[in-house]
Amino acid sequence: MSPLVSVIIPCYNSGTYLPEALASVETYQGSYAYEIIIINDGSTDAYTLEYLRELETRGYSILHQENKGAAAARNTGVRTARGKYLLLLDSDNRIRPAYLEKGIPVLESRPDVGVVYGNAHFFGDTTRKGFKAAVFDGSQLFISNALDMCTLVRKTVWEQVGGLDEQIPGCEDWEFWIRVTQTDWQFFHISETLFDYRIRSGSLSDFTNLETDDRIYAYIYAKHARTIREQYQINLKKARLYDKAIEQPFRYFFKFIFNKYFKKTKDKV
């Protein structure tokens, strides 16, 4: 029987935390079948290579490639995935069993939903501020990314938008979400802690170099210039309406009441 979910785990130079990531998946004892695909993205670390060899002897699916980065590693994993859904997990993070138990029923019952995500618990270097997941707002996505890659995604969504952009200098998940918002697929937020996100210095998401940040923003904004311009015009219109409402609150309050309760009644007559 084909697995319903393919858990994609890229492994970069160090696989120190990979055993924890694997254990977090295998803690799940529910009824949904899954497969684990580990991608060795050109690691040269002796411990990691030895551990991956051990995993191969135990029957794990290990894909080896030269170092191409996070986006290419995930794309490689997805190309061999047999599951209907993808669970994207970094090798230094952990999921909780509820991610599968509560996320899959949403995808099974809601054919319009393409991405399911939950809240993160932060551990490690907790002196750094983490992101806070919330109900998805596509308009805010053009300002910054607030959605981690650790999500459940329909494989058809991944294939439809062409996977991750391997040319972007970072934040490839952010650019991926922007492309998904340009389709009819919906995002679904489960307001529960569903994964553990390790915060550590030197991680791939630790972009503290302004020059790197500028290159990422420049790449994303250039690629999606038309969409960003259209969204800016929508946000600007909303801001102007808000300013008018602040200046004349009573007028806009009565206008709202009229449009909601009286205009519809009048139109029906």
Side-chain angles (χ1 to χ4, degrees), residues 1-101 103-104 117-118 120-126 148-153 155 158 163-164 166 170 172-173 193-206:
M1 183 178 70
S2 297
L4 190 63
V5 182
S6 296
V7 183
I8 309 297
I9 309 178
C11 182
Y12 312 107
N13 193 48
S14 175
T16 303
Y17 304 113
L18 181 57
E20 292 182 48
L22 291 175
S24 74
V25 177
E26 293 167 346
T27 298
Y28 172 72
Q29 299 295 321
S31 58
Y32 299 116
Y34 65 85
E35 66 175 350
I36 297 175
I37 301 173
I38 302 168
I39 306 93
N40 172 25
D41 188 46
S43 175
T44 58
D45 178 68
Y47 165 81
T48 301
L49 295 175
E50 178 60 32
Y51 183 59
L52 291 175
R53 281 193 290 269
E54 177 190 335
L55 290 176
E56 284 182 303
T57 63
R58 289 160 53 186
Y60 283 86
S61 176
I62 313 291
L63 305 177
H64 299 273
Q65 66 178 33
E66 63 183 43
N67 179 247
K68 296 180 180 179
R74 290 191 178 101
N75 285 339
T76 295
V78 173
R79 279 193 290 270
T80 66
R82 296 178 295 144
K84 181 179 179 181
Y85 309 123
L86 310 170
L87 197 161
L88 304 159
L89 176 63
D90 281 334
S91 60
D92 55 351
N93 294 338
R94 308 180 300 227
I95 66 162
R96 301 191 180 189
Y99 219 146
L100 294 172
E101 198 63 34
I104 295 176
Y117 64 102
H121 165 258
F122 299 99
F123 69 109
D125 183 9
T126 54
D148 186 64
M149 194 84 257
C150 189
T151 57
L152 276 166
V153 181
K155 190 179 181 183
W158 191 279
L164 294 173
E166 299 181 14
E172 64 281 348
D173 52 346
T193 300
L194 297 181
F195 70 105
D196 299 301
Y197 184 96
R198 190 186 306 270
I199 299 180
R200 58 189 179 87
S201 299
S203 67
L204 291 174
S205 59
D206 184 18

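Position 1 is the first residue of the sequence; numbering continues from there. This is a predicted model, so every value here is computed, not measured.
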Of all heavy-atom pairs between A72 and Q65, which one has the smallest distance, and what is that distance? C-NE2, 3.9 Å
Identify the two heavy atoms, one from I8 and one from A81, that lie closest to each other, and give their separation to 0.1 Å. CD1-CB, 4.3 Å
CD1-CG distance between I95 and L88, expressed to the nearest 0.5 angstrom: 11.0 Å
Residues which pass side chain to side chain donor-acceptor pair (under 3.5 Å) with Y60, listed by chain and number, not counting sequence neighbours: E26
Just by distance, do the side chain of D173 and the backbone of D148 share a donor-acceptor pair under 3.5 Å? no
Hey, are the side chains of N40 and L49 touching, using non-hydrogen atoms and a 4.5 Å cut-off? yes
What are the two closest heavy atoms between T27 and P97, and how far apart are they? CG2-CG, 3.8 Å
Got a sec, which residues hit side chain to side chain donor-acceptor pair (under 3.5 Å) with S14, two or more places apart in sequence or on another chain? T16
Check ion pair R74-D41 (N to O, under 4.0 angstrom): no
Taking all non-hydrogen atoms of both residues, which atom of L89 and which atom of P10 are closest, and how far apart? O-CD, 3.3 Å
Non-hydrogen side-chain atoms of L164 and M149 separated by less than 4.5 Å: yes
R53/E50 salt bridge by N-O under 4.0 Å criterion: yes
L87 vs Y34, test: side-chain contact (heavy atoms from CB on, under 4.5 Å). Steps then yes/no. CA-CA 9 Å; L87 197 161; Y34 65 85; over 6 Å; no
Would you compute the distance between atom CG of L4 and atom CD1 of I104 and round it to the nearest 0.5 angstrom? 5.0 Å
Taking all heavy atoms of Y51 and all of L22, pick out the closest pair and write down the distance. OH-CD1, 3.6 Å
Please find the pair of heavy atoms, one from E101 and one from G30, that lie closest to each other, and give the distance. OE1-CA, 3.9 Å
Return yes if some donor-acceptor pair links the side-chain N/O of Y28 with the main-chain N/O of S31 below 3.5 Å, else return no. yes
Taking the side chain as every heavy atom from C-beta outward, state whether Y99 and V5 have any atom pair closer than 4.5 Å. no
Do the side chains of D196 and S24 get nearer than 4.5 Å, heavy atoms only? no
Side-chain donor/acceptor of R198 to backbone N/O of D92, under 3.5 Å: yes
Interatomic spacing from NZ in K155 to CZ in R82 - rounded to 0.5 Å: 10.0 Å
Got a donor-acceptor contact below 3.5 angstrom from the S43 side chain to the D45 backbone? yes
Heavy-atom neighbours of E66 CD exceed 12 at 6.0 Å: no
When rounded to the nearest 0.5 angstrom, what is the spacing between CD in E35 and OG1 in T80? 7.0 Å
Is any side-chain heavy atom of L18 closer than 4.5 Å to one of L55? yes
Taking the inter-plane angle between the rings of F195 and Y197 on a 0 to 90° scale, is it parallel (under 30°), tilted (30 to 60°) or perpendicular (over 60°)? perpendicular
How long is the span from the OH atom in Y117 to the OG1 atom in T151, to the nearest 0.5 Å? 10.5 Å
With Y85 via side chain to side chain donor-acceptor pair (under 3.5 Å) - residues at least two apart: E108
L52 vs T48 side-chain heavy atoms within contact, under 4.5 Å: yes
What's the spacing between N93 CG and F122 CZ if we round to 0.5 Å? 9.5 Å
